[in-house]
Amino acid sequence: RMTIEELPKFEQYEEGDQIRRSSKSIPVNIVEGFGRKRYKDDFVRFLTFAHASCSETIEHLEILNDTGSLKKERFDYFFNKYDLLGRKLNSFIAAVKEGHLT
């Protein structure tokens with residue numbers, strides 16, 4: 001688990017805050033979509049929001065990596081985790097579109 005304190009001070013408030021917000025919105029959107037699972041379009045829309053937040057989190061991690069603000073091994077660890085999550089969300093979205101409530 002990464003702590004914001006690992007980042008340089010100037011990044012703790014800018015990119016750190018962005019990462020906190022985008023990463024927290026992933027499960028929130030999944031839960032909200034699941035709560036609307038009766039309506040396929042709503043379910044897919046919220047899963048798509050979750051996928052977009054996952055991509056946003058990856059982009060913020062890449063910014064920290066590019067600027068040298070995040071250690072390479074930490075970047076690799078989190079990039080791989082969020083990349084896998086994005087792939088799983090993509091598969092989940094496809095499954096919901098294909099077999100909704102069947």
Side-chain angles (χ1 to χ4, degrees):
R1 180 176 175 168
M2 178 174 68
T3 62
I4 298 303
E5 290 78 26
E6 291 179 52
L7 300 175
K9 287 280 186 207
F10 68 95
E11 293 289 16
Q12 289 180 15
Y13 302 104
E14 293 180 22
E15 287 302 320
D17 185 53
Q18 292 294 327
I19 290 171
R20 275 191 297 272
R21 287 190 280 140
S22 61
S23 64
K24 286 180 180 180
S25 72
I26 299 168
V28 170
N29 279 301
I30 293 169
V31 168
E32 188 162 357
F34 186 77
R36 298 169 188 237
K37 68 183 178 289
R38 190 177 303 268
Y39 308 102
K40 180 179 180 177
D41 290 341
D42 281 352
F43 194 10
V44 169
R45 182 166 26 111
F46 280 95
L47 291 175
T48 301
F49 292 157
H51 190 269
S53 292
C54 185
S55 296
E56 180 183 351
T57 302
I58 289 171
E59 179 60 25
H60 290 299
L61 290 169
E62 287 178 340
I63 290 169
L64 289 173
N65 184 57
D66 291 346
T67 61
S69 296
L70 186 62
K71 293 177 184 172
K72 179 76 170 123
E73 62 272 2
R74 300 297 277 165
F75 168 76
D76 290 343
Y77 174 81
F78 286 106
F79 176 85
N80 290 330
K81 294 293 185 182
Y82 281 102
D83 183 60
L84 178 61
L85 177 58
R87 292 172 192 272
K88 288 181 177 184
L89 283 168
N90 208 29
S91 296
F92 188 32
I93 291 166
V96 169
K97 286 180 176 179
E98 183 179 315
H100 185 66
L101 297 179
T102 59

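Everything numeric in this text was worked out from a predicted model, so none of it was measured. Note that these values count all heavy atoms, side chains included, but never hydrogens, waters or copies made by symmetry.
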I need the [X] [atom1] to [Y] [atom2] distance, nearest 0.5 Å.
X: Glu59; Y: Leu64; atom1: CD; atom2: CG; result: 10.5 Å
X: Ser23; Y: Ile58; atom1: OG; atom2: CD1; result: 11.5 Å
X: Tyr82; Y: Ser22; atom1: OH; atom2: OG; result: 7.0 Å
X: Arg21; Y: Ser53; atom1: CZ; atom2: OG; result: 11.0 Å
X: Asn29; Y: Phe49; atom1: CG; atom2: CZ; result: 7.0 Å
X: Asn80; Y: Phe75; atom1: CG; atom2: CZ; result: 8.5 Å

Point to revise | Derivation of the side chain to side chain contact (heavy atoms under 4.5 Å, CB included) call for Lys81 and Leu85 | key: CA-CA 6 Å; Lys81 294 293 185 182; Leu85 177 58; over 6 Å; no
Review point. Do the charged groups of Arg45 and Asp41 touch, with an N to O distance under 4.0 Å?
Key: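 So Arg45 does not pair with Asp41 through a salt bridge.
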Check your understanding: How far apart are the C-alpha atoms of Glu56 and Gln18, what are their side-chain angles, what is the distance that settles it, and do they pass the side chain to side chain contact (heavy atoms under 4.5 Å, CB included) test?
Key -> CA-CA 9 Å; Glu56 180 183 351; Gln18 292 294 327; 3.7 Å; yes
Minimum-distance pair of heavy atoms, taken over all atoms of [X] and [Y]:
X: Leu89; Y: Cys54; result: CD1-CB, 4.4 Å
X: His51; Y: Asn90; result: CD2-N, 3.9 Å
X: Leu70; Y: Arg74; result: CD1-CB, 3.9 Å
X: Leu61; Y: Phe79; result: CD1-N, 4.3 Å
X: His60; Y: Ile19; result: CB-CG1, 3.5 Å

Review point. Are there more than 12 heavy atoms of other residues, nucleotides or ligands under 6.0 Å from atom CZ of Arg87?
Key: no
Review point. Would Ile26 end up clustered with Tyr77 when hydrophobic side chains under 4.5 Å apart are linked, directly or stepwise?
Key: yes
Check your understanding: Linking I/L/V/M/F/W/Y whenever their side-chain heavy atoms sit closer than 4.5 Å, directly or via other members, would Phe46 and Ile30 fall into one cluster?
Key -> no
Review point. What residues form a salt bridge (Lys or Arg N to Asp or Glu O under 4.0 Å) with Glu32, not counting sequence neighbours?
Key: Arg36
Point to revise | ring-ring contact (aromatic ring centres under 6.0 Å, His included) partners of Phe34, counting only residues at least two apart | key: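 Partners of Phe34 by the ring-ring contact (aromatic ring centres under 6.0 Å, His included) criterion come out as none, since no residue qualifies.
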